[in-house]
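Residue numbering restarts at 1 for every chain, and letters A, B, ... go by the order of the sequence lines.
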4 protein chains.
Amino acid sequence: MNGKQRYGAGIWHFATYVDRYATDGYGEPRTIVDAIKLAGQVGDLSVVDLNWPYFGGQFSNEQIKAALDEQGLEVIGITPEIYTRKFVKGSFTNPDPGIRREAHQLITEAADVVRYFGADYVKLWPGQDGWDYPFQVDHGVLWKASLDGVGRLASENPDLKFVIEYKPREPRVHMSFDSVARTLLGIEKIGLPNVGILLDFGHALFGGESPADAAQLAIDYGRLFGMDVNDNLRGWDDDMVAGTVHPIELFEFFYTLRRNNWQGVWQLDQFPFREDSIEAANTAIAFLKKVERALDVLDVDALQQAQSRHDALGALKIAQAALYSA
Amino acid sequence: MNGKQRYGAGIWHFATYVDRYATDGYGEPRTIVDAIKLAGQVGDLSVVDLNWPYFGGQFSNEQIKAALDEQGLEVIGITPEIYTRKFVKGSFTNPDPGIRREAHQLITEAADVVRYFGADYVKLWPGQDGWDYPFQVDHGVLWKASLDGVGRLASENPDLKFVIEYKPREPRVHMSFDSVARTLLGIEKIGLPNVGILLDFGHALFGGESPADAAQLAIDYGRLFGMDVNDNLRGWDDDMVAGTVHPIELFEFFYTLRRNNWQGVWQLDQFPFREDSIEAANTAIAFLKKVERALDVLDVDALQQAQSRHDALGALKIAQAALYSA
Amino acid sequence: MNGKQRYGAGIWHFATYVDRYATDGYGEPRTIVDAIKLAGQVGDLSVVDLNWPYFGGQFSNEQIKAALDEQGLEVIGITPEIYTRKFVKGSFTNPDPGIRREAHQLITEAADVVRYFGADYVKLWPGQDGWDYPFQVDHGVLWKASLDGVGRLASENPDLKFVIEYKPREPRVHMSFDSVARTLLGIEKIGLPNVGILLDFGHALFGGESPADAAQLAIDYGRLFGMDVNDNLRGWDDDMVAGTVHPIELFEFFYTLRRNNWQGVWQLDQFPFREDSIEAANTAIAFLKKVERALDVLDVDALQQAQSRHDALGALKIAQAALYSA
Amino acid sequence: MNGKQRYGAGIWHFATYVDRYATDGYGEPRTIVDAIKLAGQVGDLSVVDLNWPYFGGQFSNEQIKAALDEQGLEVIGITPEIYTRKFVKGSFTNPDPGIRREAHQLITEAADVVRYFGADYVKLWPGQDGWDYPFQVDHGVLWKASLDGVGRLASENPDLKFVIEYKPREPRVHMSFDSVARTLLGIEKIGLPNVGILLDFGHALFGGESPADAAQLAIDYGRLFGMDVNDNLRGWDDDMVAGTVHPIELFEFFYTLRRNNWQGVWQLDQFPFREDSIEAANTAIAFLKKVERALDVLDVDALQQAQSRHDALGALKIAQAALYSA
């Protein structure tokens, strides 16, 4: 794998943001084409995940492709925006069947964009599907609607992969696809081969999971279709720069991927609200390359011996030696 | 269901406790027979869950039965203590196969105690099965060991039910059976009819779940074999008196059980470290009886109408009216 | 106090919101005049806290006053928006002295608006003052800048009160004024009589405080200048409708205010993202009126007796009896 | 400071533990003399903090001194056990004045032990002082009792230092001395020069503080009298081995100490429940020595430049370079 690891990023990494306080934004608005140009300036970026519809203006697929070509970037996935105003009460689970149809339609269009680019998957992040208050919903009905919505798309588009990115919460107080286990449970219920998980390291951390354990579980079910990384303080989806707060657990996460011979792009899902987005990407990738080197020198046999004894300090000594010297 | 709801408690509710600071305990040590006598003084308790081996002395099943009979108590389940010194590195997942065998043996003996009492289930709470540090374990191996251990017991004892009580953590920094979804995923993998979940309201709350949603999910899989309640501040398994902090979510939890026509004992899993254990039980049961009455007067049709619109405030108004007036 | 309790709300309660996902907003944009009209439709609202500059258009103080008069509303405080794009790296603590001056200027203008309306205070919510990453700031310098900034305003405007609304975090990963104790420590250091605290119930809950304890502490320092309420799940500033999740602690909070004979407006700081804002206010106020009645019937002597013994269950029984019967 | 940094540990690091599940303990009970012998086997330990009364048997000060001398260890502080059975409802804040007197007496005796050993301080960790339930206590009375209790000891023993070790919670659901700011506020109210803080890195992390910021604040008030380190997952006081999970924030913490020229022992407060206690100490100290070397090579001028701009990524790059290469 030496030297061949490909890196990617959600294109929103290079956008600017708003939140409920800085409603005028953390910077000048950018179009998706602006963002692509910035992405092109990152040292080692090969692929991007694109929001759809394209933000900041009217752009054709051809125009986006030209912009990407100019930067030497390919598309790994398309993220339909099923969490905007129309969908604030849910996409798959919206109480209004008309809105559920609109969500379906939007994702179906996104599927065509995936085909256009020859990308790997449609990424589903149903951040508005869930609940806020006790007693608000019939939980059985809600969960069934989530599975029905995803299942219908997957069966209508058997040529494509659909990946679900789970998260405990935000913007809903509780998201239906909240954890790796819940998502796998749903995927098994759907029972189709083309539905998988996109595992976000920070979402796992936020949810109290071990990201390495979450990855192993998804792999054991044959459902780890994608991943991205970032960092946070474990209490919120801060989308900080990867490696800045939890380097050890990030290393364990990538170790788990390599141990399972998981081939795939190492992606970034960062929101550099107040940082330069190029520098934020470069900083993260520099750390990921350090992780790559560390994996190359890690004494895997000794580590596995220690793990077979559940010898935490022995295992950590081996891991630290590899990471800190790399 | 009026007037017929049965109440239960873990017998440890009537024990005293130690922790890592008050190593001399929060009160004089009690035997399980002492605890049974205290349990008998609670107004509305019909059944208890017994730790096994019996604590505080050498007691035969017959002696325990006599003590229970005297108090008019029956046994709902037996909880083998697979989390004591011998098992601090795990029961099902212990790196030492000899210890794994001892855990198996202990639980097998507990199964006989279940048979002796004609109880409902063996309760498995593998609180020492999990990990503390990054890199400590091979997560795939660990999880498989958990499922193998439970599965073997279930297949060897097809006449009995085994219930798994999940919890996010404590005493391990992370417990393998950490959530309702993870536990259901494991149970489905085991694939036997006699393995289910004992859902602890406080564990769900602690894990960031909606207890009502967790109950619905377990019911939808036909795996809700038992339940108990308590309360906490959502950040730890405080095992406080039920209803004292989160009455609304507790009411939603019981509403979900009734909506699904779930029949079963309403149990307490409280640790009244500094409170009188009889008063703690009576206080909780008084609140649960209020919940029962509230369920009787709840306008279910109107509530479901509101839920079909995801109308949080409308639904809550109906729920509050029932609870506060009951 | 019967029947005379005044109720208030932040005017943003009646706005619509954006966040980083629903960038097109949770509803049609509203001007502050729109919001005032909605506020006027709430049953029992007497006063509002106004963002400044006025949002949604160019409005003179006179226009706003006319709109308020039409709805029978008065102004309790003015909240200068020191957390918008210009200030995303801080207001008082911005590394750029020019921006710090702009923050000072903006707040100074807000002080004049307070004078115009004869309001009670300038509300300072320095949500962008803090840090995100380890090593990002010199913590001593940062904290000093916070105190210098607030202190200068208070000394320049001795005729006015300044209230600081603390919160653990958001939008910064960590806010400098993060807790009641930290804020009091800063206020004591500033040493001026016209700086106090606006205590947000939900911020206290989110920060792991007992809101009642936080109120008592601020009162004991003579610094509780204002308060508002809402609810959340203790892990984020959800700004949900007051009383919907944590009714008991909300009751204890108001009990503490009354015990100390704290006179002041009971305000709402709610963000009804997906709810009708009038209904959200009415629902909260209906619960607060229940709390008022409960305080009238609460057996305070018996409660204090129980508290003198730290008798949790005894005290709760008395409190529950008052709240649930009110 | 090269090569001269002294290391210490709480002697309980070398004890075994019980908790509410493994009531038979995580290993064979040890006496304090056993623990001292183990401590002596750690490579670089110079001082220990001793529980008092001495655990595991009847030992005179002279016996303990002999055991320490044999291992080349000195005493930095004495920790009176004001959190055992007698004090489960509080030491300074116990509702029973007789128990409050016993706490006072116990600590007064501990003060004599400090004098006997020429140690630095009496350490107060009032882990049972606080509350569990809403409405349980009168918060004003409780806090005043805490300050009165500490203040009386400090004024009766002006020749000694008293350090308060704050923690958010455990074993109480909420501890009165819960944060650095609350503790400083109390210390300022007490107003005596010989009361300070012992800052536990993990308690700060658990409480949502930046440990570096907490240290800076305590130093700015002249109250950082001691410190110890460990690690956790930010949601509980796990007392894991220092540096194993959060190396960056640990480095920032020590950077803050050195920047302020804080001289003092670097102590460990770890609870190696399932690990070898000598190895746990050695692993932590090996990491702390790495931190020492990193501080020696850190480009402080460049770091401060970056911090003056709040340039998180620039600052982290400098910090990471020093830590990872050290």
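If you measure heavy-atom distances from B:F251 to chain A, the contacts under 4.5 Å come from both the backbone and the side chain. Heavy atoms closer than 4.5 Å to chain B are found nowhere in A:V141, neither backbone nor side chain. No part of B:I219 comes within reach of chain A, as not one of its non-hydrogen atoms sits under 4.5 angstrom from that chain. Only the side chain of B:H174 comes within contact range of chain A, with at least one heavy atom under 4.5 Å from a heavy atom of that chain. Heavy atoms of B:L142 lying under 4.5 Å from chain A belong exclusively to its side chain. Residue B:Q216 touches chain A through its side chain alone, counting heavy-atom pairs closer than 4.5 Å. For a residue to count as touching a neighbouring chain, one of its non-hydrogen atoms must lie under 4.5 Å from one of that chain's; by this rule A:D132 does not touch chain B.
For chain B, the option among A:G140, A:S308, A:S179, A:S210 with the highest count of heavy-atom pairs below 4.5 Å is A:S210. Here A:V137 is the residue among A:V137, A:L313, A:N94 with the most heavy-atom pairs under 4.5 Å with chain B. Taking chain B as the reference chain and counting heavy-atom pairs below 4.5 Å, the highest number among A:L303, A:D220, A:T183, A:L316 is found for A:L316. The most heavy-atom pairs under 4.5 Å with chain A, out of B:A319, B:P211, B:G207, B:G90, come from B:A319. The greatest number of non-hydrogen atom pairs below 4.5 Å with chain A, out of B:N260, B:L217, B:I318, is found for B:L217.
Residues B:Y221 and A:L185 meet the side-chain proximity criterion, which asks for heavy atoms closer than 4.5 Å. Within the 4.5 Å cutoff, no side-chain heavy atoms of B:R259 are placed close to those of A:H139.
Rounded to the nearest 0.5 angstrom, B:T256 OG1 and A:F135 CZ are separated by 7.5 Å. Here the straight-line distance linking atom CG of A:D96 with atom CZ of B:R309 works out to 13.0 Å at 0.5 Å rounding.
Contact detail for A:I248 and B:P134: the closest heavy-atom pair is CG2-CB, 4.0 Å. Across all non-hydrogen atoms, the minimal contact from B:H310 to A:K89 is ND1-O, 4.0 Å.
A salt bridge between A:D213 and B:R182 is present, with a side-chain N of the basic residue lying under 4.0 Å from a carboxylate O of the acidic one.
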